[in-house]
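So you know, we letter chains A, B, ... as the sequences are listed, proteins then strands, and number each from 1.
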2 protein chains.
Amino acid sequence: MNIGEVAERTGLPPKTIRYYEDIGLVKPLRDTNGYRAFRESEMHKLAFLGRARTLGFSIEDCRNLLALWEDSNRASADVRAIAKDHLAQIEAKIRDLQEMRDTLSTLVRDCAGDDRPDCPILKTLGTETAAEQR
Amino acid sequence: MNIGEVAERTGLPPKTIRYYEDIGLVKPLRDTNGYRAFRESEMHKLAFLGRARTLGFSIEDCRNLLALWEDSNRASADVRAIAKDHLAQIEAKIRDLQEMRDTLSTLVRDCAGDDRPDCPILKTLGTETAAEQR
DNA sequence: ATGGGGCTTCCAGTCACTGGAGGGTCAAGG
DNA sequence: CCTTGACCCTCCAGTGACTGGAAGCCCCAT
């Protein structure tokens, strides 16, 4: 299987697949012409990676998850620990963003948005701690 | 005012302040010894930048906001447009993360997390479109 | 043989910093 | 006067996870 077909079947761009080889996540064979020759199992690994990345796992998380995936004797607790940790990070990120959103939406609401120069958004950025607004 | 004092008063690390000079956001004078000499107005600009960055505005947004801040004839509509746009991006990001969180928390909930190898998290990553779970 | 697409490598850029090396400057204490 | 330690300077490299582009093979159909 050439890289193009793998790209199509996994939904990952060829560039990304090459990058994943660079950093050692997959190790495709090579044809005599130098083209990467992916086995079915490699394709599945890449699909796995694509899904894990969609869920926001970092590359290092993915590397660990992949190792666990390949290890039929792994303990599910190990996988769960990675996922829980990642979940906590996502939740923290959501809270941060919600705080930003709340502050910003207050500012946007209070701004007339006309052609006069008076603007509570700039006023706040200029004088107060933005996070205190709301 | 030396960089250290500005750093303390704005809460920005000296490295970041130097970086902001590099990319042309501030233009401090120089003492004869080569040290940066910040005026009060520069300090305020940096504080403004720090607050805008806290709200997640990109550097380019900050550059524009700063220009509007300095322009006493600006229209508040211009500021509001930038803020609204940014707000929309934050909201999109929140939705993405919430989707990830929902999928992940289902997976974590369904995983026994013991020393047996059976693991719904890996099973999902290996076979289904992760986003379809839930 | 020619054209077009697919494949290769390597280099550079993204974003917003951050770390570190190597070295100059300043003020206080001995 | 000298040393010490805190400050300041510049420049280079690295972060994460790609992405874009140049330059150049390879393969197949016409």
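DNA chain C is contacted by both B/Y20 and A/E5; A/E5 maps to the nucleotide lying nearer its 5′ end (nearest heavy atom per residue). Along DNA chain D, the nucleotide nearest to A/T32 and the one nearest to B/G34 differ in position, and the one closer to the 5' end is contacted by B/G34.
Atom CZ of A/R18 and atom C1' of C/dT9 are 9 Å apart (whole Å). To the nearest angstrom, C1' of D/dC8 lies 8 Å from CG of B/N33. In this entry the distance linking CZ of B/F38 with P of D/dC7 reads 16 Å, nearest Å. Atom CG of A/D22 is separated from atom C1' of D/dG16 by 14 Å (rounded to the nearest Å). Across the protein-nucleic acid pair, B/F57 atom CZ and C/dC17 atom P stand 15 Å apart, rounded to whole Å. B/I23 has its CD1 atom 14 Å from the C1' atom of C/dT14, to the nearest Å. Distance CD (A/E21) to P (C/dT9): 7 Å, rounded to an integer number of Å. Between the OH atom of B/Y19 and the P atom of D/dT10 there is a distance of 16 Å, given to the nearest Å.
A 4.5 Å side-chain heavy-atom check between B/E42 and B/V6 finds every atom pair outside the cut-off. A 4.5 Å side-chain heavy-atom check between B/W69 and B/K45 finds at least one atom pair inside the cut-off.
Closest to the B/K15 side chain, of the nucleotides C/dT18, D/dG21, D/dA17, is C/dT18. Set against D/dC8, D/dC18, C/dA16, the side chain of B/Y35 has D/dC8 as its closest nucleotide. Nearest to the side-chain atoms of A/T16 among the listed nucleotides D/dC18, C/dC17, D/dC9 stands D/dC18. The side chain of B/S58 lies closest to C/dA16, out of D/dC9, C/dA16, D/dA17. Side-chain atoms of A/I59 lie closest to D/dA17 of the nucleotides D/dC9, C/dC17, D/dA17.
Applying the 4.0 Å criterion to OP1 and OP2 of C/dC15, one finds that B/R63 has every side-chain N and O outside that range. Applying the 4.0 Å criterion to OP1 and OP2 of C/dC7, one finds that A/R36 has every side-chain N and O outside that range. Contact annotation: B/R53 side-chain N/O to C/dC17 OP1/OP2 distance is under 4.0 Å.
B/P14 comes within contact range of no nucleotide atom at all, as no heavy-atom separation falls under 4.0 Å.
Counted by atom type alone, B/E60 and B/N64 present zero donor-acceptor pairs between their side chains at under 3.5 Å. Remark: the B/D85 side chain and the B/Q89 side chain contain an N/O donor-acceptor pair separated by less than 3.5 Å.
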Worked check of salt bridge (Lys or Arg N to Asp or Glu O under 4.0 Å) between A/D118 and A/K123: CA-CA 8 Å; A/D118 181 54; A/K123 202 183 295 169; 3.8 Å; yes

